[in-house]
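Input: a single structure, listed below in structure tokens.
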Amino acid sequence: MTNSLVFVLNCGSSSLKFALVDSKTEHQILSGLADSLGSTSPFLKVKYNGNKETIDLASGTMHQGAIDTLVSLLEEYKLDDAIIAIGHRVVHGGEKFKSSALITAEILSEIDQVSQLAPLHNPANIVGIKAAQQAFASLPQVAVFDTAFHQTIPEHAYLYALPYSLYKEQGIRRYGFHGTSHYYVTQQAAKMLNKPVDQTNIICAHLGNGASVTAIANGLSVDTSMGLTPLEGLVMGTRCGDIDPAINNYLVQNLGYSQTQVTDLFNKKSGLLGISELSNDCRLIEEAANDGHAGAQLALDIFCYRLAKYIASYTVPLGELDAVVFTGGIGENSDVIRANVLALLKIFGFTIDHQANLDARFGKAGFINGSTGPKAIVIPTDEELVIARDAIRLTASLEQ
Ligand code: AMP
């Protein structure tokens with residue numbers, strides 16, 4: 001194995017996703033997930049060479065323990081010596097980080113300072129960085145921020161209509177997330193449209209468990225649906241997206257909720273799960289709706305309606321539209337949701353090629369629009385590749 005591997009890490013509070021990307025071929029040669037960390041039955045799932053392996057971890061194992069087990073596995077597979085850099089997904093970069101950064105003690109402390117804007121996310125990212133620094137002490141580590149691609153959004157789009165001092169003094173504004181995915185998809189869309197990226201105008205819907213839509217003008221993000229946190233915007237797996245902020249007050253004052261319970265309700269018990277009273281998993285929701293489950297159908301209807309409204313509104317900052325692009329687990333696989341959303345956008349002249357829509361699933365990119373109207377494209381995202389490329393780019397400049 002040549003020395004060209006980048007170890008990509010994405011740490012959540014109780015999980016850790018990882019991939020080993022070969023920077024020469026740009027293929028993922030190993031990937032997996034450590035989950036239920038801190039619980040009585042944490043486990044590690046690894047995919048390598050076509051084989052899938054599940055390893056039970058000791059009760060209470062946290063990120064450091066999971067990474068240590070992973071390192072032993074990489075040694076066993078004789079891959080450890082080929083790793084030349086570590087790339088970390090960091091959720092919130094605030095206004096400080098407009099691009100990826102080589103992690104130093106100073107950068108880590110700046111990421112820590114941004115944590116107050118993302119208390120549910122950044123602390124886990126920092127834990128992951130520190131664990132990786134222990135396990136791979138001699139390797140350079142790079143942070144790639146979900147917010148960075150959205151730093152080109154203009155002030156009139158990122159400011160809330162709150163007292164200006166809350167922005168100036170406290171940084172309360174819309175930041176946007178999924179930037180690494182929106183960035184990657186924009187580059188791919190430009191290639192498929194045969195246009196230079198800086199002349200490409202698209203609306204990109206990243207639809208996974210978390211979901212966001214971004215308006216991209218001349219290759220740059222100019223508006224996006226997530227806000228100060230990843231709670232704003234679209235209906236998501238368990239997140240409510242846009243709601244009247246007064247509902248918070250109502251729940252606390254009239255229904256006796258604590259603030260922690262409200263945060264939990266909005267983030268973990270709402271969205272597809274909350275409406276359907278069944279599941280946050282879009283596949284299950286679609287199957288149940290097919291079988292006549294009214295809640296599942298309602299969840300799908302609300303999901304598509306909100307998404308179509310966002311896409312329609314993002315024609316405002318664009319003026320000119322080359323394509324609507326679908327990505328993320330739902331966007332890449334659900335022909336049903338794509339067809340419903342394009343039907344809701346018929347005022348713009350969208351049509352759909354039903355066979356092409358069925359073909360563009362399970363990792364296959366493709367145009368799904370009919371012969372008239374604007375284009376619609378499905379593009380599988382690859383955030384790990386962007387992180388690996390940035391890790392290589394920043395490491396190379398370090399060596400010069
Ligand atoms: P992600 O967070 O990008 O991994 O996306 C996860 C979401 O994609 C879940 O809601 C899955 O149910 C959904 N998903 C994956 N495959 C399909 C499929 N074939 N049809 C509908 N939704 C899917």
Side-chain angles (χ1 to χ4, degrees), residues 8 10-19 28 31-35 45 47 52 89 91 120-121 124 146 177-185 188 204-214 225-226 230-231 233-241 267-291 293 295-304 306-307 325-342 352 354 356-366 368 378-387:
V8 177
N10 177 357
C11 284
S13 54
S14 63
S15 70
L16 186 163
K17 287 188 199 152
F18 53 87
Q28 272 186 30
S31 62
L33 164 83
D35 212 346
K45 281 188 173 179
K47 208 166 97 185
K52 287 182 185 169
R89 176 188 180 209
V91 169
L120 300 179
H121 299 91
D146 257 25
F177 299 88
H178 290 145
T180 311
S181 174
H182 289 297
Y183 166 80
Y184 174 78
V185 166
Q188 296 302 107
C204 177
H206 176 109
L207 311 174
N209 240 327
S212 69
V213 55
T214 296
S225 60
M226 284 178 166
L231 184 57
L234 301 177
V235 175
M236 305 178 219
T238 59
R239 286 174 239 163
C240 56
N267 280 284
K268 297 191 178 147
K269 296 183 176 152
S270 300
L272 293 176
L273 172 67
I275 301 163
S276 70
E277 298 184 311
L278 185 71
S279 172
N280 64 316
D281 188 318
C282 188
R283 247 171 314 199
L284 293 183
I285 300 263
E286 283 187 17
E287 280 165 21
N290 250 338
D291 294 341
H293 189 291
Q297 187 58 55
L298 185 61
L300 282 182
D301 290 345
I302 297 175
F303 183 94
C304 292
R306 176 92 55 92
L307 174 57
V325 183
F326 295 95
T327 192
I330 298 172
E332 292 168 27
N333 296 301
S334 175
D335 54 296
V336 174
I337 285 183
R338 296 185 309 226
N340 287 348
V341 169
L342 292 181
I352 190 155
H354 289 288
N357 189 30
L358 281 175
D359 291 343
R361 290 184 298 164
F362 316 128
K364 229 175 138 240
I368 60 167
V378 176
I379 300 178
T381 194
D382 195 343
E383 290 159 284
E384 290 78 15
L385 179 56
V386 176
I387 295 173

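Order of listing sets the numbers, starting from 1, for every ligand and every atom in it.
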When you compare ligand 1 with [X], is there at least one nitrogen or oxygen pair between them that comes in under 3.5 angstrom?
X    : result
S334 : no
G329 : yes
H206 : no
F362 : no

Legend entry - Between T381 and H178, a side-chain donor and acceptor under 3.5 Å: no
Legend entry - Donor + acceptor pair across side chains of D301, Q297 (<3.5 Å):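 Indeed, the side chains of D301 and Q297 share at least one donor-acceptor pair under 3.5 Å.
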In the protein, which heavy atom is nearest to [atom], and how far is it?
atom                    : value
atom 10 (O) of ligand 1 : C282 N, 3.0 Å
atom 7 (C) of ligand 1  : I330 CG1, 3.8 Å
atom 20 (N) of ligand 1 : R283 CG, 3.6 Å
atom 19 (N) of ligand 1 : N333 CB, 3.4 Å
atom 2 (O) of ligand 1  : N209 N, 2.9 Å
atom 12 (O) of ligand 1 : D281 OD1, 2.4 Å

Inset, instruction - Number the atoms of ligand 1 from 1 as they appear, then name those within less than 4.0 Å of a heavy atom of G208, with their elements. - result: 1 (P), 2 (O), 3 (O), 5 (O)
Legend entry - Per-atom contact, atom 4 (O) of ligand 1, protein heavy atoms, under 4.0 angstrom: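 False for atom 4 (O) of ligand 1.
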Legend entry - Per-residue contact class, E286 against ligand 1 - non-hydrogen pairs under 4.0 Å: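 Looking at E286 and ligand 1, just side chain atoms fall under 4.0 Å.
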